Each structure stands twice: as structure tokens, then as C-alpha cells.
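See below for the structure under consideration.
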Amino acid sequence: AISREHDVWVITRINNRTGIESALAVTPNSHLHFSYTDLPHWAMRWKKGERGVRLYYYLWQFAAWRVARNLMKAVTYDAGHHVTFVNDYTFSFLGLLPIPFVWGPIGSNRKGPASLMSSKRSLLRDRAQYWLKATLRTADPLIWLCAARARLVVGNHSGVLNRLPFSVLARNKYRTHLAIGVEEQVLAQPINRRHEEFRVISVGNLLPIKQFHLTLRAFARLIDVVPHARLTIVGKGPLKDALKTLSTQLNIESRVDFQPFLPRPEALALMARADVFLFPSFEVAGMVVLEALAHELPVIALKDTGPGEMITSECGYAVEIGSLAETTKRLADAMISLAVDPERRKQMGEAGRQLVRTRYLWEQRHESVRAWYLDAEVVRPEHYSLGVGPHR
């Protein structure tokens with residue numbers, strides 16, 4: 001998106017090189033230039049999967065800083081823009097460079113509601129992760145330096161501005177914008193809903209933050225009113241066995257299909273055959289929500305969460321969070337209202353598709369980037385109006 005209107009030098013890890021070069025061979029882009037760097041080989045040994053990834057990323061910032069310093073000897077840059085990882089508790093090497101700096105979108109998950117946690121262990125884990133991140137944000141002087149130096153801070157949800165150091169240093173230079181999007185080609189996927197069953201789908205890693213136990217409990221209530229309903233859960237993760245056990249305890253196992261992790265085209269094909277997307281996750285993002293909207297699926301989510309903020313009342317339901325029983329009933333009531341009203345489902349589906357088209361397409365993200373750069377005053381308005389450039 002940035003390269004639509006600017007020349008861009010991207011610094012990334014070496015393991016991304018093959019995929020990037022393969023993509024550029026298919027779709028060349030003369031405005032994109034890549035540099036690759038990694039930590040020494042010994043540091044790779046303890047980074048396996050999620051283990052050690054955050055510490056590795058933190059240290060990788062210093063390796064990237066060295067590459068950037070070398071690039072600046074040959075190229076004059078107008079600005080630095082840090083876009084990954086999408087977290088607000090790790091500093092950016094670009095904040096250490098003597099050029100204007102745009103940071104984000106960044107963010108991290110809010111605390112999950114204690115009343116909805118599936119177990120005490122999940123609650124303790126959620127709180128430990130939340131306070132660890134809060135400590136990192138507060139204690140790391142490099143994060144404070146980046147917040148002070150940034151011309152603009154973009155958060156992926158409004159709550160980022162209420163956290164230190166952003167509440168102190170970024171109050172007048174903060175914008176909220178979602179860090180994810182979907183490709184326009186997703187809107188072109190065929191829709192196939194010729195079936196008698198009322199089909200509910202939920203997609204995601206089977207982790208505590210996704211709260212799939214709420215999905216099952218709400219679906220059990222739906223079955224009492226709409227016995228021909230069927231639920232499909234797509235994903236893998238450590239909670240799979242526990243969720244299967246819960247479906248048996250709720251006596252709905254014959255109406256629930258657990259699908260393993262699927263390649264994206266297959267998962268999208270399942271969305272195209274469903275009627276409703278149920279996603280009571282606590283996370284601040286959720287790419288699958290946008291994919292569901294693009295497939296004309298009404299989305300049911302929790303209020304005051306990322307998925308709940310992404311939808312509108314025209315294309316879904318963001319239900320109030322209460323006790324476990326109250327929240328489960330509200331999720332079920334939303335499904336029931338859609339199950340008995342096909343026309344309402346159709347209207348919501350079309351509204352969701354239009355929301356994606358107007359707000360969440362990657363192909364339009366360059367317009368948001370333009371607004372950020374103008375706000376940060378790293379590019380002058382005449383650059384765009386007169387076609388001056390390219391900026392770097």
C-alpha cells in the first residue's frame with residue numbers, strides 16, 4: 001500500500017526472502033526494495049515457533065537498526081514507518097534513526113472479562129500476559145523514546161491511547177486504524193447457500209482468547225429453538241479435546257463439526273456455504289471477521305472487543321458482556337433472530353460486504369497511509385495533488 005505512492009525500502013528477516021522474491025517475480029514492483037537481516041545463528045536455536053519469538057524480535061530491532069544506518073549512507077529518506085509486529089510493548093528501531101517516524105498500527109489485547117473465562121487457569125494466564133505487556137511498555141525507556149520521537153502513533157484500537165507511555169506522549173498525535181484488511185479478490189468468491197440447515201461457522205486457533213466454549217454454549221441454546229442448526233468450528237490448538245468434551249456434555253456433538261486447520265481457500269469456501277459467523281473472541285483484531293463479512297455473513301461478536309468494534313449494527317450483533325449465562329443467552333438470541341429471518345440475514349450480509357468494500361480493503365489502504373503521512377507532515381500535500389515524488 002505504501003509503495004502505491006512512494007519508494008519503499010523494507011527491512012525484514014532472511015527467512016522471508018524466498019517468498020518475497022517469488023511474489024515479485026509474478027508481480028514486479030519497481031517501488032519496493034528489500035534488505036534482509038537476522039541475528040547470529042546461535043540465537044536461532046532457542047527461537048522455535050512461539051517460544052522465544054518476542055525476545056528474538058526485540059533483539060532483531062538492533063540488527064535492523066544497523067542495516068538502516070548503512071542504507072542511509074546511500075539513500076536520503078523522508079520518513080521511517082514501522083508496521084510490524086503489531087504490538088505496543090516492543091520498541092521500533094526506526095525510532096532511533098534521525099528521520100521523521102510513523103509508528104503503527106500497534107496494539108495488544110485488552111484484559112478478557114473474568115466472568116467469561118473457561119477456567120481459573122485461563123484467567124491467570126490472561127492476567128499474567130496483560131500485566132507483563134503493561135510492565136514492558138512502562139519500564140522500557142526505548143518505548144518511551146519511540147513514543148516521544150514519533151510524528152504519528154497509529155493504534156489498532158482506541159484503548160491504546162489510554163496506556164503508558166502513549167497517554168502521556170502521544171495524546172495529540174494519535175490515530176486509530178485497524179491493522180488488518182482483506183484483498184478485493186475475496187469479494188469475488190462465489191456464495192453457495194442452497195441448503196435446508198441453518199449453518200453457523202466459527203474459525204480460529206483453538207486458544208483461550210478465542211472463547212470457543214462460548215460458541216458451543218450459545219449454539220446449545222440455539223439448538224433448543226432451531227433443531228436443524230449445525231455448527232462448524234475450523235481450527236487447531238490445545239483446546240480441541242476440551243471443546244469436544246464440552247460439546248458432548250452439552251449433548252450437541254451430533255450437530256457440531258470440528259474441522260482441522262484448512263488452507264485458506266478451503267476455509268473461505270466453508271464461509272461461502274454458511275449463514276452466520278459466530279466469533280466471541282476477546283482479541284483486538286480477527287482477520288476472519290473481515291473474511292466473513294466479505295462472504296456476506298452476518299457476524300455475531302462481543303461488545304468492547306476488536307471483532308465487536310469492526311462490525312456495525314447493520315451487518316452484525318455486538319452483544320453486551322455480562323455473566324456467563326447472560327452472555328451465552330445474548331449470543332444465542334442473536335443467532336435465533338437471524339435463523340428465523342432469512343431476509344434480515346440477507347440484508348446484513350449485503351451490508352457487511354459493503355462495509356468491507358468501503359473500509360477494509362488492502363487495495364484502499366494507501367489512502368489511509370496518505371492521510372497519516374500528511375498528518376505527520378512527512379509529506380507535503382502538493383506531493384499528491386501535483387504528482388511530485390516519489391518520497392522515500
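Given the structure is predicted, the values throughout are model-derived calculations rather than measurements. Below, each value reflects all heavy atoms present in this structure, side chains not excepted, and no hydrogens, waters or symmetry copies.
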Kindly compute the distance separating [atom1] ([X]) from [atom2] ([Y]), expressed to the nearest 0.5 Å.
{"X": "D241", "Y": "L246", "atom1": "CG", "atom2": "CG", "value": "12.5 Å"}
{"X": "L222", "Y": "L338", "atom1": "CG", "atom2": "CG", "value": "10.0 Å"}
{"X": "R359", "Y": "H177", "atom1": "CZ", "atom2": "NE2", "value": "9.5 Å"}
{"X": "L187", "Y": "R357", "atom1": "CG", "atom2": "CZ", "value": "5.0 Å"}
{"X": "I14", "Y": "Y36", "atom1": "CD1", "atom2": "OH", "value": "10.0 Å"}
{"X": "F34", "Y": "L32", "atom1": "CZ", "atom2": "CG", "value": "4.5 Å"}

Quick one: does any side-chain atom of [X] pair with a main-chain N or O of [Y] as donor and acceptor, under 3.5 Å?
{"X": "R353", "Y": "H295", "value": "no"}
{"X": "R4", "Y": "H366", "value": "no"}
{"X": "D257", "Y": "T232", "value": "no"}
{"X": "T76", "Y": "M72", "value": "no"}
{"X": "N87", "Y": "S108", "value": "no"}
{"X": "H157", "Y": "N109", "value": "no"}
{"X": "W60", "Y": "T37", "value": "yes"}
{"X": "S122", "Y": "S118", "value": "no"}
{"X": "S115", "Y": "G322", "value": "yes"}
{"X": "R255", "Y": "H228", "value": "yes"}

Is the closest side-chain heavy-atom distance between [X] and [Y] below 4.5 Å?
{"X": "R175", "Y": "D375", "value": "yes"}
{"X": "L206", "Y": "I233", "value": "yes"}
{"X": "M348", "Y": "E314", "value": "no"}
{"X": "T18", "Y": "S22", "value": "yes"}
{"X": "F101", "Y": "V378", "value": "no"}

With sequence neighbours excluded, tell me which residues meet side chain to side chain contact (heavy atoms under 4.5 Å, CB included) with [X].
{"X": "L124", "answer": "none"}
{"X": "L374", "answer": "R370, P381, Y384"}
{"X": "S323", "answer": "A325, E326"}
{"X": "E363", "answer": "E183, E184, L361"}

Residues two or more places apart in sequence or in another chain: which of them pass salt bridge (charged side-chain N to carboxylate O under 4.0 Å, His left out) with R365?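 Not a single residue meets the salt bridge (charged side-chain N to carboxylate O under 4.0 Å, His left out) criterion with R365.
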Greater than 12 external heavy atoms within 6.0 Å of [X]'s [atom1]:
{"X": "K236", "atom1": "NZ", "value": "no"}
{"X": "R171", "atom1": "CZ", "value": "yes"}
{"X": "W65", "atom1": "CH2", "value": "no"}
{"X": "R69", "atom1": "CZ", "value": "no"}
{"X": "R125", "atom1": "CZ", "value": "no"}

With sequence neighbours left out, which residue pairs that include part of residues 131-150 fulfil the salt bridge (Lys or Arg N to Asp or Glu O under 4.0 Å) condition? D88-R137
Which donor-acceptor pairs under 3.5 Å do side chains of residues 297-308 form with protein atoms, sequence neighbours excluded?
from, atom 1, to, atom 2, distance (Å)
K303, NZ, E320, OE2, 3.0
T305, OG1, L302, O, 2.6
T305, OG1, G308, N, 3.2

Out of the candidates Y77, W372, Y373, only one should pair with H6 under the ring pair (Phe, Tyr, Trp, His ring centres under 6.0 Å) rule; please name it.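 So, applying the ring pair (Phe, Tyr, Trp, His ring centres under 6.0 Å) to H6 and each of Y77, W372, Y373, only Y373 qualifies.
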Any link between [X] and [Y] through a network of hydrophobic side chains (Ile, Leu, Val, Met, Phe, Trp, Tyr) touching at under 4.5 Å?
{"X": "L178", "Y": "I106", "result": "no"}
{"X": "L268", "Y": "I180", "result": "yes"}
{"X": "M117", "Y": "L331", "result": "yes"}
{"X": "V168", "Y": "Y174", "result": "no"}
{"X": "F261", "Y": "V288", "result": "no"}

Non-neighbouring partners of [X] that pass ring pair (Phe, Tyr, Trp, His ring centres under 6.0 Å), sequence neighbours left out:
{"X": "F62", "value": "F91"}
{"X": "Y317", "value": "none"}
{"X": "F258", "value": "none"}
{"X": "W131", "value": "none"}

How would you list all residue pairs meeting ring-ring contact (aromatic ring centres under 6.0 Å, His included) that involve residues 263-285, not counting sequence neighbours?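 Counting only pairs at least two positions apart or across chains, the ring-ring contact (aromatic ring centres under 6.0 Å, His included) contacts touching residues 263-285 are F277-F279.
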Answer yes or no: is there an ion pair linking [X] with [Y], defined by an N-O contact shorter than 4.0 Å?
{"X": "K329", "Y": "D333", "value": "yes"}
{"X": "K210", "Y": "E283", "value": "yes"}
{"X": "D275", "Y": "R199", "value": "no"}
{"X": "E309", "Y": "R110", "value": "yes"}

Looking only at heavy atoms, what is the nearest atom pair of [X] and [Y], with distance?
{"X": "L216", "Y": "I252", "result": "O-CD1, 3.6 Å"}
{"X": "V67", "Y": "S35", "result": "CG1-CB, 3.9 Å"}
{"X": "L207", "Y": "P238", "result": "CD2-CD, 3.6 Å"}
{"X": "P105", "Y": "V86", "result": "O-CG1, 3.4 Å"}
{"X": "I143", "Y": "T90", "result": "CD1-N, 3.8 Å"}
{"X": "A68", "Y": "L97", "result": "CB-CD1, 3.6 Å"}

Are T135 and T138 linked by a side-chain donor-acceptor pair shorter than 3.5 Å?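 Absent: no donor and acceptor within the cut-off.
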Regarding N162 and S167, is there a side-chain donor-to-acceptor distance under 3.5 Å anywhere? no
After noting the C-alpha distance and the side-chain angles of W103 and H81, does the key distance pass the ring-ring contact (aromatic ring centres under 6.0 Å, His included) rule? CA-CA 6 Å; W103 196 9; H81 186 166; over 10 Å; no
